[in-house]
Amino acid sequence: MRLKLFQDSVMKTLCYFAAVMTVAVCLGIILYLVIKGFDQLSPDFIMTEPNPTFSQDNAGGILTPIVGTLLLTFIGTLLAFPWGLSSALYYTFYAKKGKLRDTLSTAIDILAGVPTIVIAIFGLAVFTNPFWGFLSSRVEGVEGISKAFGRSFWVAGITMGIMILPYIIKTCAEALKAVPPSYIEASYALGADKRQSLLRVVIPAAKNGIITSVILGMGRIVGDTAIVWLTLGGTLRMTGLQPWYSPENWPSTLQNTGSTLTSYIFYTSPAGEGNMPSVAFGASLVLIVIIIVLHIITDYISSLGKLRDEE
Amino acid sequence: MKSNKRMVKDNIFKHILLVSAVLGGLMIAFIFVFIFIKAWGVLSVSGLGFITETGFSEQIRDSYYLAAGEQTWFFGTKGLFIATLLTTAGALLLAVPLGIGTAVIVCEFSHRAIARMLSSVIRLLASIPSIIYGLIGLMVVVPYIKDSFISPELQIQYLYDPIMRMQLSGKSLLAGIIVLGIMIMPILTALTVDAIKAVPKSYKEAGLGLGISHWRVVTKILLPAAKSGLFAGIILAAGRGIGEAIALSMVSGGISNVPQVAHGGVFFLTPVLTLASAIVNKSEAMSVAAIESALFSCGVVLILTSMLFSLSTRLVERAVKMK
Amino acid sequence: MTLSNISIAVKNVDSWYGEKQVLKNINMEIEKKSITALIGPSACGKTTFLKSLNRINDLVKGFKISGIISVGGQDIYKDIKKASDLMFLRQKMGMVFQIPNPFPMSIYKNLALPFSEKNNLSSRKRIDEVVVKCLKDVHLYDEVKERLDASALDLSGGQQQRLCIARCLTITPEIILFDEPCSSLDPISTLKIEDLLRELKEQYTLVIVTHNLEQAKRIADRVGFFYQGELIEYSAKDKFFTRPRHELTQKYLAGKF
Amino acid sequence: MKDLKTKVIVLTMMLCFVLVGTASAAEGIKVNVDGSALNMDVAPVMQEGRVLVPFRFIAENLGGIVSWDAGSQTVKIVTADKNVSLPVGQTTATVNGTAQTLDVPATVVDGRTLVPVRFVAESLGADVSWDDATQTVNVKYFSGITGTLKVGGSTTVLPVAQASADALMKLSPGLSVTVTGGGSGVGTSGAKDGTLNIGMQSSDLKQEDKAAGLVPVSVGRDAIVVIVNKANTVEALTREQIKKIFSGEIKNWQDVGGKNAAIVLHTREAGSGTLDGFNSLIMKKEAEIDAIAEPHASNPLVKQAVANDENAIGFLSLGHLDTSVKGIVAEGVVASEANAATGQYPFVRNLWLSTKGTPSGQAAKFINFVRSVKGQQILASEDFIPLR
């Protein structure tokens, strides 16, 4: 018995060690970014537009990348969330168990292993079809060929939505499955039909899981580089009618190209051609702050839910 | 009358769901078909040789510099395939114990406030973009490996190595494993936490009620009960590992070597190229049709690998369940 | 009730969930090798009381307790400090829950796990013997002997509950606590369990929380009536049902709550 | 790079002085190109109602590359879409192969060749108007353009193209130019399949791409510099030595005068324009880069790798050279913009903008803008070597 307890405590210590490692890695990454990027931070850096140049002194700020990140996240989530949730509802509560569901869940697992650059190329290939010209814009003046440009906030947002769709379906389905069947039965017993039961009982009960899945999806959009690089053009600035921020130009802004924080980091880091590592670290720091804010918001939302549950 | 209206509504609702589910399925199928069509050119020429032959880097170079008619459509990605498996397996070996250990602490052995902080940290780590992991891998991990493991003598020795000549510069299998391991650990932890939390509390009560120590309850009852969730987490993490492109392309060396066991510890210092990062690294050469098709073929191999992986895990899972 | 006959002695126990007091000044002595039934309306504190006896309530956030609960002469809240002592306490007291909760593993493993956790270095043969014996003790062996390797979750509710009782028996406890063990079962399974309880009291001290007055009448030796956190009445079965002293007890027996 | 900037400044200042000196002689005739006055060292001359100006000024501001054929006494102006030759003293000129008649021929005044502004500007595609009140010739070429233009490809050319696009869009508010990266390969395939109006390349187009109808126009040049770690004692190498090092024939620094250490090779990924340039300028199909060389995705990555490894060698686009590494003296010539501009430095490649078919419309104007005086200033400010 004593030996067993000793073994237990050794193993437990190892686990604590693992947890400490996790925290250390996280803090290490954030600290590293803070040290490397803090000097860069200033209202100017955040509020001015970037300049396309190889010279660090003229690099400008990261206003448009920040806006781009938010725009893409918004479009992608807006597309993938309702689509994914309703698919998950169908697969969980309507589809018959069997081959179809198995195949789909396998396909989703597999798609998770496909690098996003493949999906990016897919998006680019599809959306350069002139049929989708309204999402970006037609390329004018090339003789004999009619093509769409295939790069814009719409295109990138939709491609992002497609990229995260499988995750949203999968994680939502998991959250829905975790709702005890007794809830649904109770709802039926009160005379509700399936639709009402799903909308009023199951979805609220699975709310936290669903929120988590959306947040995970958003995280993937915020963090993706390849799709942005190919389908958003990686142009640093907003390229629609200027000024891009005045409301009458929004449609044009969305139809045109831009950048996100990740594509900006890619461009300015040694991995791209930009050659401005300290700017890249500054932008990384801002990106991390955005992600942390995203987390705080969701923690707050889910804590609201919990409070109500406990009452 | 009223119930009739309700039925109609119910029906409409169901069909909306059906349409979105079908569209979702079609989309996924469409992506697969697209990739396969693009890959066919190379796959039909290379056949099985695509994964049993080596020489990918040289073949890319040859295809790129030869004129359209003379290019080879034969590619061999054995090195990429093996490197993909090695980095993913290594990363899992690193991440699974750390991830499960952390998850156990979060769920069972920490104060609520600390648990909450820990899970925030984990989710934060899970959402750090891979480009940042790559950047830090490049700035911190790679120089560290170079400084601590690679001496000038070793460099000279491997420049003339009879089995496989290579340059040791720090970008290596090891760097890939470390960066990938750190990347997938939080995903694994988060999913393990979810899986453990999903185990009914009554199991824990029953176990403790039988006088089994808390730790044993966790390892003998809760973790086995969370098994399918754990498997799902590992599959997802492995999928992420197999498909990770940007971070690995920044730290793993970019050459389609097959690490040699005969090299001993230097095995891990071999520069490698994985399937996914090949797609990123070589994408600039994609204007050449043969290379484009070869890169999509890498995508196909990735898909098939994950498919095989997911199927075999499912079989294992089923076998475990049977027991 | 002589001193040597007392298994659990409870003195002046109060307890709280956060600010809310759930047990008020409970005093009670539980006799060895008998069935003590605890009854009362929902949320009256009887399950809290039961779960205090083996300190499973420690898991609940904000749970506090004062007073003395002594098991075999040991004050289980004050004297037990180390995790290992708590384990010994719990090994002395099996617990069966309201909803059958066999572990999600094979029938065999459900019994083998607690047994081998308690007894180090047991041979496979010894484990086999214990498994068979305990299954026989709960009259489950004949129903499952062909499929000991099947998942315990495939059993019916009644079978699962008997398996849970067998699981308790593997650790050879002195006391077994039952938290409404039949509330989720059909009448036939219920009767089987009740028969089993009557057999078990030959060897074990049984404490059972039940909603079912008839069940208490059928099986209990002594009955305690809880109401709003207080132990209103505690006496031998016959006296309890035929001549209840307290007005509230009379009302409850008459079904007036 | 510094001395080029100095040169530009000095030149501009000199121009100003000259302008002040000759303004009175110009009798008030001014030439405006897209709203800004043309500053010339020789004042415009009025002849038979036509304004004549030095041909270089008008042509270069519209993106033309000019040459003077002394034998046939002909001025030649080449832009992305036009090819004008103008014999001095004759009233016939050729525009894109078609003969055209002028009312006033090009003439030589004080040893300078002056050409009629209206004819030259119009034949290059500009609008010309005469404002009698202010005695001004207004040439409109880069202003008032409308429509959209999609430009994409090489990340090396991207900053130049983007800055040019910004400047051009300022002149023509109705024009929207989108510039996107992706690499030379993306530029080539995009221009071929019609998703881009203009592709940007930092390497020469392949024969098959030209056969597919792509027409490349050079907009500037870039030098490739071989770099080593600062601690390396090797200062200079010949092309032959560099070739042997990169092909793996020379494996140790002591074979080229350094210390006894392994040479660690750093190269670029296939598809990189810089690698193409390196191959065609240095390897010259005589040898291949050793397969064990570590491939990098960008110039800064190569630079970082070389800066961190005492025994490393790599190559960069000259614009990326800084003090963290050491540029190798190649064939006895220091790698600098001045030496590259004079042609002494051997490893110089072209930067291209290419279109499907001969450039026309907005695409031609964009390319001409990059080739114009303003565009070339932008190019020089990004440390590339201008055409002139």
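All chains are named by letter (A, B, ...) in the order of the sequence lines, taking the proteins before the strands, and each is independently numbered beginning at 1. Quick note: numbers below take in every heavy atom, side chains included, and nothing from hydrogens, waters or symmetry partners. This one's a predicted model, so the numbers in the text were calculated from it and none came from an experiment.
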**Q** Measure C:P173 against the heavy atoms of chain B and call it side chain, backbone, both or neither at under 4.5 Å.
**A**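 Neither part.
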**Q** Roughly how far, to the nearest 0.5 Å, is the NE2 atom of B:H214 from the CG atom of C:D58?
**A** 11.5 Å
**Q** How far apart are the closest heavy atoms of C:F103 and B:A206, and which atoms are they?
**A**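 Looks like CE2-CB, 3.9 Å.
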**Q** Rounded to the nearest 0.5 Å, how far apart are NZ of C:K118 and CG of B:L210?
**A**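 Nearest 0.5 Å value for the NZ-CG distance: 10.5 Å.
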**Q** When only pairs under 4.5 Å are counted, which of C:M95, C:M93, C:R167, C:Q98 shares the most heavy-atom pairs with chain B?
**A** C:R167
**Q** A quick test of your reading: do over 12 heavy atoms of other residues, nucleotides or ligands sit less than 6.0 Å from CZ of B:F30?
**A** no
**Q** What distance do C:E117 atom CD and B:I221 atom CD1 have between them, rounded to the nearest 0.5 Å?
**A**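 Reported to 0.5 Å precision, the distance equals 8.0 Å.
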**Q** Got a sec: does the CD1 of C:I99 have more than 12 other heavy atoms crowding it under 6.0 Å?
**A** no
**Q** Verify the neighbour count for atom NZ of B:K14: are there more than 12 heavy atoms of other residues, nucleotides or ligands below 6.0 Å?
**A** no
**Q** If we ignore hydrogens and angles and just use 3.5 Å, is the side chain of C:Q91 paired with the main-chain N or O of B:G211 as donor and acceptor?
**A** yes
**Q** Output yes when a side-chain donor or acceptor of C:N101 lies under 3.5 Å from a complementary backbone atom of B:Y203, and no otherwise.
**A**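 No; judged by distance alone, with no hydrogens or angles, the pair does not exist.
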**Q** Under a 4.5 Å heavy-atom cut-off, does chain B meet the side chain of C:K51, its backbone, both or neither?
**A** side chain
**Q** Check whether C:I176 gets within reach of chain B through its side chain, its backbone, both or neither, counting any heavy atom under 4.5 Å.
**A**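 For C:I176, no heavy atom lies under 4.5 Å from chain B.
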**Q** What heavy-atom pair brings C:M105 and B:K220 nearest, and what distance separates the two atoms?
**A**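 Residues C:M105 and B:K220, closest heavy atoms: CE-O, 3.5 Å.
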**Q** Can you tell me if B:K9 has over 12 outside heavy atoms packed within less than 6.0 Å of its NZ?
**A** no
**Q** Decide side-chain contact (heavy atoms from CB on, under 4.5 Å) for B:L208 and C:R90; before the verdict, give the C-alpha distance in whole Å, the side-chain angles of both, and the deciding distance to 0.1 Å.
**A** CA-CA 7 Å; B:L208 291 175; C:R90 287 177 181 159; 3.7 Å; yes
